[in-house]
Enquirer: 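First the structure, then my questions, so here it is.
Order of listing sets the numbers, starting from 1, for every ligand and every atom in it.
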Amino acid sequence: SIPVAEDKPEDLEDRPPIITVMGHVDHGKTSLLDYIRKAKIADGEAGGITQHIGAYSVDVDGKRLTFLDTPGHEAFTAMRARGAQVTDVAIIIVAADDDVMPQTKEAISHAQAAGVPMVFAINKIDKPGANPDKIKEQLSTMNLLVEEWGGKYQAQEISAKHGKNIDELLEKVMLEADLLELKANPNKNAIGTVLESSLDKGKGYVTNMLVEGGTLKVGDIILAGKHTGRVRAMLNEKGRNMKAVPPSSPVSIIGINGAPSAGDKFYVMDDEREARNIATRREQLYREQGLRTQKH
Ligand code: GDP
């Protein structure tokens, strides 16, 4: 791996939390992420046309929150399998007209294993069959007692579809994030994680990434998995051209010579040749491992 200098305490500044929404299929992950995006990003934006770049940042009461919007915990699982841990707070969404389901339990154990604090969103409370207390009851049998019942877990009844109580949910998420006192050093070469990448006919390889530390700039030399390149252009989730991207921000970049995998770390390097050498060595290593395991 790449040696990264440790940050000095005086170099650290507050950074926004990175939030993941997880839960059982059809319990409302996409609806919640879509509602927050529409309600919060477009604020004051002409047109309000947003790009899907795997994550987005929103401002709530002057504070910034970044949401991973690859719904489902498949992305989370894939990233964790690669050792990537990008989430600071997990929203576990449970439909109030259903039960705590196997995928809900899986999401909870992922968050617990990663030591990520959880906030429960009890969704679809607009539905006639909704029974939020039943969900809280089921959670309590898993040793997850919600705050209003004397426990330590924050829960919020919501309707993602109608946008009900979403501000209240976001406040609880912010409270949870505040306790973490999240910091990053914005004044160094950027490091972060690849969210997704694809080949665009016109643009070439497009890589969506999350900057976790440092500031990513146009012209930077990047090493991402077994690929390298120089950042030619960067777009944010509003489709705006960016010159510099600070910590906890998603960005879509052009300039990498291939498609790194979701969960690959990226590093900005000073020396282009060194970056290429490492990429080549990794490529060889992956090929040898691939031959051994017959997986790739
Ligand atoms: P996902 O699979 O977890 O991403 O779930 P979706 O967001 O796709 O939602 C599944 C279905 O539930 C869709 O038909 C949504 O319109 C519906 N849905 C989501 N949230 C709510 C809600 O708060 N109330 C109602 N009535 N329906 C909802």
Enquirer: Any donor-acceptor pair under 3.5 Å linking the side-chain atoms of Thr193 with those of Glu212?
Expert: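 Looking only at side-chain atoms, Thr193 and Glu212 do form a donor-acceptor pair, the distance falling under 3.5 Å.
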Enquirer: Can a side-chain donor-acceptor contact be found between Ser248 and Thr66 if the only test is distance below 3.5 angstrom?
Expert: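 Ser248 and Thr66 do not have a side-chain donor-acceptor pair below 3.5 Å.
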Enquirer: Could you grab the distance from atom CD1 of Ile191 to atom NZ of Lys265, nearest 0.5 Å is fine?
Expert: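 Ile191 atom CD1 to Lys265 atom NZ measures 6.0 Å (nearest 0.5 Å).
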Enquirer: Check Asp26 against ligand 1 and report side chain, backbone, both or neither, counting heavy atoms closer than 4.0 Å.
Expert: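 The answer is both.
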Enquirer: Heavy-atom pairs closer than 4.0 Å: do any link ligand 1 to the side chain of Thr30, the backbone, both, or neither?
Expert: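 Under 4.0 Å from ligand 1, Thr30 contributes backbone and side-chain atoms.
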Enquirer: May I ask you to check if ligand 1 and His162 share an N or O to N or O distance below 3.5 Å?
Expert: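 Between His162 and ligand 1 (N or O atoms, distance only) the closest approach is not under 3.5 Å.
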Enquirer: Got Met269 and Ile278 here, is their nearest side-chain heavy-atom distance under 4.5 Å?
Expert: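 A side-chain contact exists here, since the closest heavy-atom pair is under 4.5 Å.
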Enquirer: Heavy atom of Lys164 under 4.0 Å from ligand 1?
Expert: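 For ligand 1, residue contact (heavy atoms, under 4.0 Å) with Lys164 is absent.
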Enquirer: Could you tell me which residues satisfy side-chain hydrogen bond (donor to acceptor under 3.5 Å, both in side chains) with Asp34, sequence neighbours excluded, listed by chain and number?
Expert: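 Listed in chain order: Arg37.
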Enquirer: Will you find, in the side chains of Asn165 and Glu157, an N or O donor that is under 3.5 Å from an N or O acceptor?
Expert: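 Glu157 and Asn165 do not have a side-chain donor-acceptor pair below 3.5 Å.
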Enquirer: Should you measure from each heavy atom of Ser31, which atoms of ligand 1 turn up under 4.0 Å away?
Expert: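 Answer, ordered by atom number: 6 (P), 7 (O), 9 (O), 15 (C), 19 (C), 20 (N).
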Enquirer: Would you say that Ile222 contacts Thr228 through its side chain, given a criterion of any heavy-atom pair below 4.5 Å between the two side chains?
Expert: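 SC-SC contact between Ile222 and Thr228 ruled out.
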Enquirer: Does any N/O atom on Ala160 come nearer than 3.5 Å to any N/O atom on ligand 1?
Expert: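 Between Ala160 and ligand 1 (N or O atoms, distance only) the closest approach is under 3.5 Å.
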Enquirer: Show the numbers, then the answer: is there a side chain to side chain contact (heavy atoms under 4.5 Å, CB included) between Leu223 and Phe266?
Expert: CA-CA 6 Å; Leu223 170 70; Phe266 79 79; over 6 Å; no
Enquirer: Under a 4.0 angstrom heavy-atom cut-off, which atoms of ligand 1 come close to Ser159?
Expert: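 Those qualifying, in numeric order: 22 (C), 23 (O), 24 (N).
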Enquirer: May I ask you to list the atoms of ligand 1 that are less than 4.0 angstrom from any heavy atom of Lys127?
Expert: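 In order of numbering, the contacting atoms are 26 (N).
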Enquirer: Using a strict 4.0 Å cut-off to heavy atoms of Val25, name the atoms of ligand 1 that fall inside it.
Expert: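 What qualifies from ligand 1 is 2 (O).
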Enquirer: Looking only at heavy atoms, is any part of His24 under 4.0 Å from ligand 1, and if so is it the side chain, the backbone, or both, or is it neither?
Expert: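 His24 to ligand 1: backbone contact only, side chain stays beyond 4.0 Å.
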Enquirer: Looking only at distances, can you tell me whether any N or O atom of Gly28, backbone or side chain, sits closer than 3.5 Å to an N or O atom of ligand 1?
Expert: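 Among all N and O atoms of Gly28, at least one is under 3.5 Å from an N or O of ligand 1.
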